[in-house]
> 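Let me begin by handing over the structure; questions about it come next.
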Amino acid sequence: MAALGDLGREGCARRHAGELLMAGTESAAQTTDITAGPGGVMTDEVGVITGELTLRTELDGKDAVLRVQYKDADEWYAVTGGRAALSDPADLAAVHTVAVGLLNRPEG
């Protein structure tokens, strides 16, 4: 039985789903390419960044940490307010999904 929405179209992803490492390690992370909406994404280091970006949600101890970079750039910036304590490292994927939903605004 196929999952709802699968319908045998594995090669039809609209954006990069990124990497998911096993939760419980210091390097657990997910990344997704996004387009910032009007007003961009506020970062601690350089203020607002806009345009085509990559969002990364990392596990830092027991915290989920959001970082963003210009797509294909080397530098990562901390998203302002983008740190939350997790009761379970497995929740990292849910935090990443919510962050993508809030910050990805390809239609403006």
Side-chain angles (χ1 to χ4, degrees):
M1 184 170 168
L4 182 62
D6 175 22
L7 304 176
R9 298 180 292 194
E10 285 186 31
C12 296
R14 291 187 202 169
R15 62 181 181 249
H16 176 62
E19 60 189 82
L20 174 60
L21 302 176
M22 294 300 294
T25 67
E26 291 302 311
S27 60
Q30 285 193 319
T31 58
T32 302
D33 292 335
I34 64 171
T35 302
V41 176
M42 179 62 76
T43 69
D44 293 344
E45 297 85 357
V46 296
V48 175
I49 63 173
T50 61
E52 298 295 316
L53 308 173
T54 301
L55 177 68
R56 180 177 174 96
T57 307
E58 303 171 342
L59 188 60
D60 180 16
K62 293 185 177 184
D63 291 348
V65 178
L66 300 178
R67 299 191 191 283
V68 68
Q69 70 177 174
Y70 288 105
K71 189 172 176 185
D72 300 322
D74 293 328
E75 301 84 17
W76 288 93
Y77 307 111
V79 174
T80 301
R83 179 178 285 269
L86 300 179
S87 58
D88 184 340
D91 294 338
L92 186 73
V95 171
H96 183 74
T97 299
V98 170
V100 170
L102 292 170
L103 299 175
N104 187 38
R105 295 287 178 247
E107 303 299 322

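All values below were derived from every heavy atom in this structure, side-chain atoms included, with hydrogens, water molecules and symmetry-related copies excluded. For reference, positions follow the sequence shown, starting with 1.
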> Any non-hydrogen side-chain atom of Leu53 less than 4.5 Å from a side-chain atom of Lys71?
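Of all side-chain heavy-atom pairs linking Lys71 with Leu53, none is under 4.5 Å.
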> Are Val46 and Trp76 connected into the same hydrophobic cluster when the rule is that any two of I, L, V, M, F, W, Y join if their side-chain heavy atoms are below 4.5 Å apart?
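No: no chain of side-chain contacts under 4.5 Å links Trp76 to Val46.
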> Nearest 0.5 Å, what's the CD-CG distance between Glu52 and Asp72?
10.0 Å
> Considering non-hydrogen atoms only, spot the tightest contact between Ala78 and Glu45 and give its length.
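Scanning both residues, the minimum pair turns out to be N-OE1, 2.9 Å.
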> Of all heavy-atom pairs between Ala64 and Val95, which one has the smallest distance, and what is that distance?
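Heavy atoms only, the tightest pair is CB-CG1, 4.0 Å.
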> Check whether any side-chain N or O of Asn104 sits under 3.5 Å from a backbone N or O of Thr35 as a donor-acceptor pair, and report yes or no.
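Confirmed, Asn104 side chain pairs with Thr35 backbone.
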> Under the side chain to side chain contact (heavy atoms under 4.5 Å, CB included) rule, what do Asp60 and Arg83 come out as? Steps first, then yes or no, please.
CA-CA 9 Å; Asp60 180 16; Arg83 179 178 285 269; 3.3 Å; yes
> Identify the heavy atoms of Gln30 and His96 that sit nearest to each other, and give their distance.
OE1-CB, 3.1 Å
> Would you compute the distance between atom OG1 of Thr57 and atom CG of Leu59 and round it to the nearest 0.5 angstrom?
10.5 Å
> For a quick test of reading the model, state the closest non-hydrogen atom pair linking Asp91 to Ser87 and the distance between them.
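Smallest heavy-atom distance, with atoms named: OD2-OG, 3.9 Å.
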> Examine Ile34 and Tyr70 and state if one hydrophobic cluster contains both, with Ile, Leu, Val, Met, Phe, Trp and Tyr joined whenever side-chain heavy atoms are less than 4.5 Å apart.
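The answer is yes; both residues are in one hydrophobic cluster.
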> Would you name the heavy atoms of Gly40 and Val48 that are closest together and state the gap between them?
CA-CG1, 3.8 Å
> Are Ile49 and Leu55 linked, directly or through intermediate hydrophobic residues, by side-chain heavy-atom contacts shorter than 4.5 Å (ILVMFWY only)?
yes
> Val41 versus Leu66: any side-chain heavy-atom pair under 4.5 Å?
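Answer no - side chains too far apart.
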> Test your reading of the model: is there a side-chain donor-acceptor pair from Asp88 to the backbone of Ala90, 3.5 Å cut-off?
yes
> To the nearest 0.5 Å, how far apart are CZ in Arg67 and OG1 in Thr43?
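It comes to 11.5 Å.
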